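Everything numeric here is computed off the predicted structure, so don't read it as measured data. Counting convention: from 1, in listed order, for ligands and their atoms alike.
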Amino acid sequence: MVRKPIKSFIILPLLIILTTATTGAVYAQNAEKIKLKHGSHREGKRTDAIMQKWRGNGLGQFIHWGLYAIPGGEWNGKQYNGAAEWIRSWNEMPKPAYDSLIYKFNPVNFNADQWAAIAKDMGARYVTITTKHHDGFCLWPSKYTSYTVANSPWKKDIMKPLVDAYDKAGIDVILYFSIMDWNHPGWRYDIKTRADSIAFEGFKKFTRNQLIELLTMYPKAKGLWFDGTWDKSWIKQAKFADELEAEMRKLRPGLIIGSRFRADEYGKRHFDSNNVLMGDYEQGWERKLPNTIADVHGNDWDCVMTIPENQWGYNKAWKGHIKTSTELIEMTAKAVSLGGNFVLNFGPKGDGSIRDQEKRLALEIGDWMKVNNEAIYNCGYSGLEKQDWGYSTKKTGIDKIYMVVFNIPVSGAYRVKLPAKTAIAKSYLLADQNQVLKVEEVHTNEYFVYANAANQRKPFVIVLETKKKERSGENNYDKAKT
Ligand code: JFZ
């Protein structure tokens, strides 16, 4: 059978009809916004100075510390397979034995200034610290439960010295808080009976009291990082959580709250029923990074990452692949290139000291950051097409683009595509500004930057100073018809 070519006069009108039909549908969808009482209260990014600072942080530190650090993933000589901070939940360790770890909490080697110094040397500009993880143990002397540091042999507040030490080091503090609380008698996974409902009402009051208490005791803290909000019981509290958020924001203007706090009245989390982000930044990037700018929907976000596969609290035996500093630096650069921050987790030991591997990685990252932080701090999405050599970032408000190189091209030529009417004024290595690099325009707005990277053992940064192009269509070779 001879196939007849399909005539373009049939295809074209069809295509036009199809495109109008689909775009029409999208517009209709956008127009039909559901009226929400407890959805997002803002569209687009926050524009205030506090959020601007957060956005420009680039690199952060996460601290998971609590009673789980004492067993360190091991009970009765048996190594537990899951995340160390979850050991209480799978009957690997009997609950009474876990709960009585409070009588063993005596971190004699805890030194808040040392922790802050490690973060500072790494180049972190904010820290998120677990005030209370799922087990319910409070690192601050909460008035509302006896399950706190105050009743441990240590007796003293842990949060106060930490907030003060990090603040003194110029590192912003964010308070991690788990809504789910395995220690509180009123906590429920769902609310099915009247008794559940009564119990959970008590739990809600307790949660509110603890949050107001934290914000009052540690006014230097810049925000809250919520966790343990995925259970039906909490998802059903749209009104309560919305009002509590408003109360906290009123108490502390400028407070930063992520998207993992509350659900809307239809039970939608992170993004409300109109697909608008809830909270100030997206908290969904957990041990994974977006791949393209489209993935982040124009929102602020941060990625939280573990050094081994999935261990947040201290685990004696790190199994599987342990990330190298180069990998972690690459993740930092990738995060910043897509408009986010990268937050690296540390799990201090039960005695308060930080494991050597973590200290070493922090130092290695810090060595790199000392030379290259200009490409990370106050930088974001460059708008340039992604190239094989690595990630590009752009300084906010300045005509500088940073090429953070992870894959060295054998040819020595680094391809760059600039937006229309932009040209490269100058290019050099960030580590050595005297090394001016040769730049060649190979097509309109498409360049090769030449760098000899024979001696580079670590990722490095090429700076592009850009300027307005004097004349457009300078390149006659583009004028030929094809
Ligand atoms: C939670 C905790 O359960 C865990 O112990 C740790 O504190 C971590 C930072 O947060 O774990 C999660 C929560 C959400 C996702 C994955 C792990 N998620 O959205 O993919």
Cation-pi check for Trp234 against Arg269: NZ or CZ below 6.0 Å from the six-membered ring centre and within 45 degrees of the axis, yes or no?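 Output no; distance or angle outside limits.
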Would you verify whether the NZ or CZ of Lys288 falls within 45 degrees of the ring axis of Trp285 while also being under 6.0 Å from that six-membered ring's centre?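 Yes, cation above the ring, under 6.0 Å and within 45°.
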Using 4.0 Å as the upper bound for N to carboxylate O, is an ion pair formed by Asp280 and Arg42?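 Judged by the 4.0 Å cut-off on N to carboxylate O distance, Arg42 and Asp280 do form a salt bridge.
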Regarding Lys160 and Asp164, does a basic nitrogen lie under 4.0 Å from an acidic carboxylate oxygen?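 Here Lys160 pairs with Asp164 in a salt bridge, since their nearest N and O are under 4.0 Å apart.
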How close does the nearest protein non-hydrogen atom get to atom 13 (C) of ligand 1, and which residue and atom is it?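 Its nearest protein heavy-atom neighbour is Arg260 NH1, 3.4 Å.
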Students should be able to answer this: which protein heavy-atom is nearest to atom 9 (C) of ligand 1, and at what distance?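 Scanning the protein heavy atoms, the shortest distance from atom 9 (C) of ligand 1 goes to Glu286 OE2, 3.2 Å.
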Just jot down the ligand 1 atoms closer than 4.0 angstrom to any heavy atom of [X], in number order.
{"X": "His64", "result": "6 (C), 7 (O), 9 (C)"}
{"X": "Trp230", "result": "3 (O), 13 (C)"}
{"X": "Glu85", "result": "4 (C), 5 (O), 6 (C)"}
{"X": "Asp227", "result": "1 (C), 2 (C), 6 (C), 7 (O), 8 (C), 10 (O), 13 (C)"}
{"X": "Trp86", "result": "2 (C), 3 (O), 4 (C), 5 (O)"}

Does an N or O anywhere in [X] fall below 3.5 Å from an N or O of ligand 1?
{"X": "His134", "answer": "yes"}
{"X": "Lys288", "answer": "no"}
{"X": "Trp225", "answer": "no"}

At the 4.0 Å heavy-atom cut-off, does Gln283 count as touching ligand 1?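 For ligand 1, residue contact (heavy atoms, under 4.0 Å) with Gln283 is absent.
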Go through the structure and list residues passing side-chain hydrogen bond (donor to acceptor under 3.5 Å, both in side chains) with Glu201, not counting sequence neighbours.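 side-chain hydrogen bond (donor to acceptor under 3.5 Å, both in side chains) check on Glu201 returns Lys204.
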Which residues satisfy the ring-ring contact (aromatic ring centres under 6.0 Å, His included) test with Trp115, sequence neighbours excluded?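 Testing Trp115 for ring-ring contact (aromatic ring centres under 6.0 Å, His included), a comparison that skips the adjacent residues, returns Trp65, Phe110.
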Aromatic contact, His270 with Trp301 (centres under 6.0 Å):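 Judged by ring-centre distance (under 6.0 Å), His270 and Trp301 do not meet the cut-off.
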Using the ring centroid of each side chain, check whether Trp225 and Phe177 are separated by less than 6.0 Å.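 Distance test on ring centres: not under 6.0 Å, no.
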For ligand 1, note which part of Arg287 has a heavy atom under 4.0 Å away: side chain, backbone, both or neither.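 It is neither part, as no heavy atom is under 4.0 Å.
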